[in-house]
Amino acid sequence: MEREESYELSHFVLIDGNSIANRAFYALPLLSTSAGLHTNAVLGFTTMLLKVLEEMQPTHMLVAFDAGKVVFRHSEFAEYKGGRAKTPPELSEQFPLIRELLDAFSIRRFELEGYEADDIIGTLTRQADESGWKTTVITGDKDMLQLVSDNVSVALTRKGVSEMELYTPKEIADKYGLQPLQIIDLKGLMGDASDNIPGVPGVGEKTALKLLREYGSVEAVLENIDRISGKKLQENLRENVEQARMSKALATIMRDAPVDLDVEQTVYSGYDAAAVTEFFKKMEFKSLLSKVKTAAPKDGGQSGQERAPFSFEVVEGGRTDSYAEKLTSPMALYVEMDGDNYHHAPILGFGLAADGISFYVPYDVAVEWQAFREWLADDTKEKWVFDGKRDTVGLSWHGMEAAGIGFDVYLASYLLNATESNPTLDGVAAQYAEVGVLPDDEVFGKGAKRQVPETSVLSEHVARKAAAIWQSVPKLRDELAQHKLNELLTDLEAPLSLVLAAMEKQGVKINRERLLEMGEELDSQLETLTAKIHELAGTPFNINSPKQLGEILYDKLDLPVLKKTKTGPSTSADVLEKLAPYHPIIGEILHFRQLGKLRSTYIEGLTKEIHAKTGKIHTRFNQATTATGRLSSTEPNLQNIPIRLEEGRKIREAFIPSEAGWYMLAADYSQIELRVLAHISGDENLIDAFRKGMDIHTRTAMDVFGVSEAEVTPLMRRQAKAVNFGIVYGISDYGLSQNLNITRKEAADFIERYFAVFSGVKRYMEEIVKQAKQDGYVTTLLHRRRYLPDIKSSNFNLRSFAERTAMNTPIQGTAADIIKLAMIRMQESIREKGLKSRMLLQVHDELVFEVPEAELAVMQKLVPDVMENALKLDVPLKVDVHYGRTWYDAK
DNA sequence: CCCCTCACG
DNA sequence: ACGTACGTGAGGGGT
């Protein structure tokens with residue numbers, strides 16, 4: 001049934017706001033902004049909207065919402081919608097945001113006190129239908145299919161909101177064999193659980209459709225009950241005549257609500273790109289920002305992919321002189337490298353930017369350009385950068401020096417939102433700059449497909465990065481000041497990045513032969529173990545495969561399944577330890593695992609990372625990864641070298657000083673987290689214990705078990721230690737019971753007794769959670785901030801997790817602040833005193849140095865002195881120092 | 001690319 | 001009733 005083309009200029013799109021918001025909310029994971037605002041329903045709504053605008057080209061638009069508590073149907077049927085779960089707060093709080101979204105898009109929204117969105121849409125589609133307008137209704141609610149006519153189509157969202165299925169009378173006939181209005185009869189008979197429409201018991205979709213095809217309507221079915229086949233069905237219908245009529249009434253969408261709105265008031269003529277961009281930035285919809293320019297702009301005309309115009313220059317070899325005066329201060333600098341690992345990556349070129357100018361200097365040009373290299377090394381020329389440590393270390397491998405880093409956008413961005421680990425420049429640009437930057441993956445390609453793009457693409461990309469840095473700095477400075485984070489950046493993270501740069505470049509010397517020897521020893525032991533395990537199993541299999549191992553243990557050997565993972569029975573060490581008494585194979589497997597780990601991760605892994613030029617390992621300390629403020633270490637990770645078991649600890653024998661006759665010196669904080677807890681909780685008992693210099697676990701055991709120091713047994717001390725760990729992690733009886741292998745009841749008992757004695761700790765735990773709920777974030781002593789969007793979640797698991805995080809983060813984060821301060825002071829101290837000793841590694845509560853013999857005495861005193869006085873707390877900090885010929889011997 | 005497991009604090 | 005201890009990174013297996 002083709003309609004006249006010439007009059008098809010109008011297209012009215014009506015959106016069922018509540019239905020789409022609900023769909024989007026349940027289809028998408030619970031996303032939130034760095035400030036803790038939930039946005040998943042908004043994002044889903046936005047995706048749907050962009051799709052509708054692009055595909056349907058509407059000329060008129062309106063979004064209808066439910067309004068008011070008393071819906072007119074309530075008076076007719078009290079239980080109506082009684083079965084519907086209450087709207088969760090995470091969704092309710094998004095409705096105002098969706099209204100903002102629609103305002104940003106200049107789309108008319110409408111609600112009417114006491115009416116549902118259905119009724120508004122029902123009424124408006126009638127009006128539109130009567131005036132012969134082409135109309136499309138967007139909803140997730142199948143009931144709406146009753147509105148379909150020759151003029152009106154209904155698009156039902158599927159799979160959340162990403163796809164839509166369009167229904168015209170033809171599709172309804174094809175799918176159900178019904179006229180659109182008969183959808184009401186269908187609901188009247190089969191009911192709808194989600195709307196608490198009862199329908200007729202025993203009648204589902206199949207039966208309802210069969211009846212309607214034969215009789216046409218609920219009324220006709222009820223008039224002909226006697227002729228209907230099936231005794232039980234007849235009986236059900238007869239007993240529920242009234243309920244069937246009522247159900248049909250409930251399913252009927254009102255078409256004459258007092259909607260005081262003319263369809264002409266819903267004209268849609270495009271959106272204001274600036275308003276939408278601003279809204280997306282607020283919502284942190286970074287991936288959608290690029291689509292704003294693509295969508296039909298309000299000022300008409302251009303569409304397509306082109307980004308906002310960006311102009312830049314490429315500095316060529318022969319013409320460097322004319323650029324010399326453009327090397328100003330301050331200036332944004334970006335060093336582009338080919339690859340993530342800046343200890344190995346070639347440098348491709350430099351991006352430079354300041355007000356109104358932006359240019360690209362290819363590496364070859366930069367090397368020959370004396371004025372540029374001087375500017376780079378001049379610490380009076382201020383540079384604004386993105387990851388100054390990367391630049392510093394990367395350049396130093398190429399014999400170039402960078403100095404005068406005045407602002408690091410990477411670190412600033414991390415401090416503003418530590419939850420989003422490893423800020424990217426494209427992300428920062430989308431949030432803080434006018435100029436757009438493509439993600440590196442899109443420019444270079446990913447994985448095996450990675451390659452350096454052609455020069456024109458590369459140069460623009462790098463120039464854009466520099467421009468984005470330049471434009472972001474003022475806004476980042478403002479935001480840092482608002483959050484009281486300026487000092488943390490300028491006095492801690494920024495200077496630390498240079499300390500870390502020096503440590504990474506210095507590297508730690510490895511005794512390759514020692515690693516090789518250990519590897520050969522492990523090879524032979526593993527061979528023996530493999531043979532033994534295969535014999536005990538009666539068949540060869542891959543011991544490294546949890547799947548195959550599970551089959552051997554639980555199917556073939558029929559051992560009891562104590563714990564399951566998502567994919568099958570667990571074979572983790574804690575489970576295997578419990579199974580050890582059942583079969584001799586278990587002990588061998590545990591041993592195999594232990595040695596296998598040493599071989600693959602440590603012997604082979606570390607050997608691969610020995611730098612060809614230096615014979616050292618140069619890790620990278622990531623300064624912007626963790627949510628708590630700790631560092632992390634990659635390629636290789638030098639913060640998880642074995643120590644707990646003697647066989648693994650031997651790996652540390654391969655970590656040696658880089659100069660003959662020197663020593664390795666290690667200094668670690670004793671109980672730093674519990675001392676921090678004592679300070680921030682103000683617990684008198686805990687403070688007292690530390691001031692008296694007591695063994696904290698023994699003291700805890702004395703207090704919790706009510707015994708004297710002499711009466712504390714090793715078991716009591718072990719349990720007290722676990723309780724202390726639990727306290728720091730944000731204790732739960734379940735977690736403690738797992739750790740100590742005791743019942744939950746016993747664990748709960750321990751916790752209760754602990755809190756009775758350490759009531760200040762208990763008060764702190766309660767207060768910090770309360771404060772986190774109020775502010776949406778927690779902070780460390782130095783104002784480092786972590787947002788906890790889930791702290792108010794209605795989901796028990798998410799909320800509990802956030803609560804434990806609220807308890808743990810100020811403790812772990814403050815301890816991280818302290819050792820970072822100590823590192824900066826330590827580096828200063830070494831320089832001031834003209835010492836040759838070098839700081840090499842940080843392992844969360846430990847610093848590792850290489851020290852000439854002549855400086856051993858000085859360093860043994862200096863290091864703990866600096867570390868213990870890095871920050872003044874209400875309890876003393878204590879540091880233990882050890883030294884030896886290898887890291888292993890520094891114990 | 002995800003899952004499991006395990007090394008560290 | 002819910003089912004986790006906090007924070008990381010790496011290797012091997014399997015899809």
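Order of the sequence lines fixes the chain letters, A, B, ..., with proteins taken first and strands second; residue numbering starts at 1 for each chain.
Residue contacts shown for E846(A) are absent, as no nucleic acid heavy atom lies under 4.0 Å away. Using a 4.0 Å heavy-atom cutoff across all strands shown, R593(A) reaches sugar-phosphate atoms only and no base atom. Here Q738(A) lies out of heavy-atom contact (under 4.0 Å) with every strand. As judged by a 4.0 angstrom heavy-atom cut-off over every strand, N739(A) is placed among the base-contacting residues. Residue-level contact check: G726(A) touches the bases, meaning some heavy atom is under 4.0 Å from a base atom. If you check every strand for non-hydrogen atoms under 4.0 Å, A722(A) touches a base. In this structure, L598(A) reaches neither bases nor backbone, as no heavy-atom distance under 4.0 Å exists between it and the strands shown. Within 4.0 Å of V843(A), counting heavy atoms only, lie sugar-phosphate atoms of the nucleic acid but no base atom. Nucleic acid contact for T809(A): none, since no nucleic acid atom lies under 4.0 Å from a heavy atom of the residue. Residue E673(A) is classed as having no contact, given no heavy-atom separation below 4.0 Å to the nucleic acid. Within the 4.0 angstrom heavy-atom criterion, no nucleotide atom of any strand lies near A816(A).
Atoms CD1 (I811(A)) and P (dG7(C)) sit 12 Å apart, rounded to a whole Å. Taking atom CZ on F725(A) and atom P on dG7(C), their separation rounds to 15 Å, with Å as the unit. Separating the CD1 atom of I791(A) from the P atom of dC6(C) is a distance of 13 Å, rounded to the nearest angstrom. The distance from atom CG of D845(A) to atom P of dG7(C) is 17 Å, rounded to the nearest whole Å. We find that CZ of R784(A) is positioned 15 Å from P of dG7(C), with the value rounded to whole Å. The distance from atom CG of N542(A) to atom C1' of dG13(C) is 7 Å, rounded to the nearest whole Å. In this structure, the CG atom of N795(A) is 11 Å from the C1' atom of dG3(C), given to the nearest Å. For Y414(A) and dG7(C), the OH to P distance is 12 Å, given to the nearest whole Å.
Under a cut-off of 6.0 angstrom, the local environment of NZ in K532(A) is sparse, with at most 12 non-hydrogen atoms contributed by other residues, nucleotides or ligands. Around CG of D340(A), the count of heavy atoms belonging to other residues, nucleotides or ligands within 6.0 Å does not exceed 12.
A heavy-atom distance below 4.5 Å is not found between the side chains of L841(A) and L847(A). With contacts defined as side-chain heavy-atom distances shorter than 4.5 Å, the pair I510(A)/I656(A) does not qualify.
Counting only Watson-Crick and G-U wobble pairs whose two key distances fall under 3.5 Å, DNA chain C forms stems of three or more stacked pairs at B:1-9 with C:6-14.
K547(A) has no side-chain polar atom (N or O) that falls below the 4.0 Å cut-off from OP1 or OP2 of dG12(C). Here S545(A) reaches the OP1 or OP2 of dG14(C): one of its side-chain N or O atoms lies under 4.0 Å away. An OP1 or OP2 oxygen of dG7(C) is reached within less than 4.0 angstrom by no side-chain nitrogen or oxygen of T628(A).
The cationic group of R744(A) does not satisfy the cation-pi geometry with Y734(A), failing either the under 6.0 Å distance to the six-membered ring centre or the 45° limit from the ring axis. Cation-pi geometry between R804(A) and Y729(A) is not met at under 6.0 angstrom from the ring centre and within 45 degrees of the axis.
T814(A) and D817(A) are not linked by any side-chain donor-acceptor pair at a separation below 3.5 angstrom, with hydrogens and angles left out of the test. Remark: the E635(A) side chain and the T619(A) side chain contain no N/O donor-acceptor pair separated by less than 3.5 Å.
Nearest to the side chain of N808(A), among dC6(C), dG12(C), dA5(C), sits dC6(C). Nearest nucleotide to the N797(A) side chain, out of dA10(C), dC6(C), dG3(C): dG3(C). Here the nucleotide nearest the side chain of R786(A), chosen from dG7(C), dG9(C), dG14(C), is dG7(C). Listed candidates were dG7(C), dA5(C), dG12(C). Nearest to the side chain of E604(A) is dG12(C). Side-chain proximity of T626(A) to dG7(C), dT4(C), dG9(C): nearest is dG7(C).
In this structure, A627(A) and N544(A) both approach DNA chain C, and ranking their closest nucleotides by distance from the 5' end singles out A627(A). Checking H844(A) against S732(A), the closest nucleotide of DNA chain C that is more toward the 5' end is the one next to S732(A).
Distance noted for atom P between dC4(B) and dA5(C): 13 Å (whole Å). Comparing the P positions of dT4(C) and dC3(B) gives a spacing of 14 Å, expressed to the nearest Å.
Ring centroids of F705(A) and Y754(A) are separated by 6.0 Å or more, keeping the two rings apart.
When all heavy atoms are compared, the tightest approach of V863(A) to L665(A) is CG2-CD2, 4.3 Å. Residues L496(A) and L631(A) approach most closely at CD2-CD2, 4.3 Å, considering heavy atoms. L638(A) approaches S633(A) most closely through the heavy-atom pair N-OG, 2.8 Å.
Interface remark: the R804(A) side chain does form a donor-acceptor pair with the dT4(C) base, using a distance-only criterion of under 3.5 Å. No N or O donor and acceptor, one from the side chain of R599(A) and one from the base of dG11(C), sit under 3.5 Å apart.
From the 5' end on, the contacts that DNA chain B makes with chain A at under 4.0 Å to a non-hydrogen atom open and close at dC3(B) to dG9(B).
Judged by centroid separation below 5.5 Å and plane tilt below 30°, Y729(A) stacks onto the base of dC6(C). By the 5.5 angstrom centroid cut-off and the 30-degree plane limit, F801(A) is classified as not stacked against the base of dT4(C).
Evaluated for a salt bridge (charged side-chain N to carboxylate O under 4.0 Å, His left out) with E646(A), the options R649(A), K650(A), R644(A) yield exactly one hit, K650(A).
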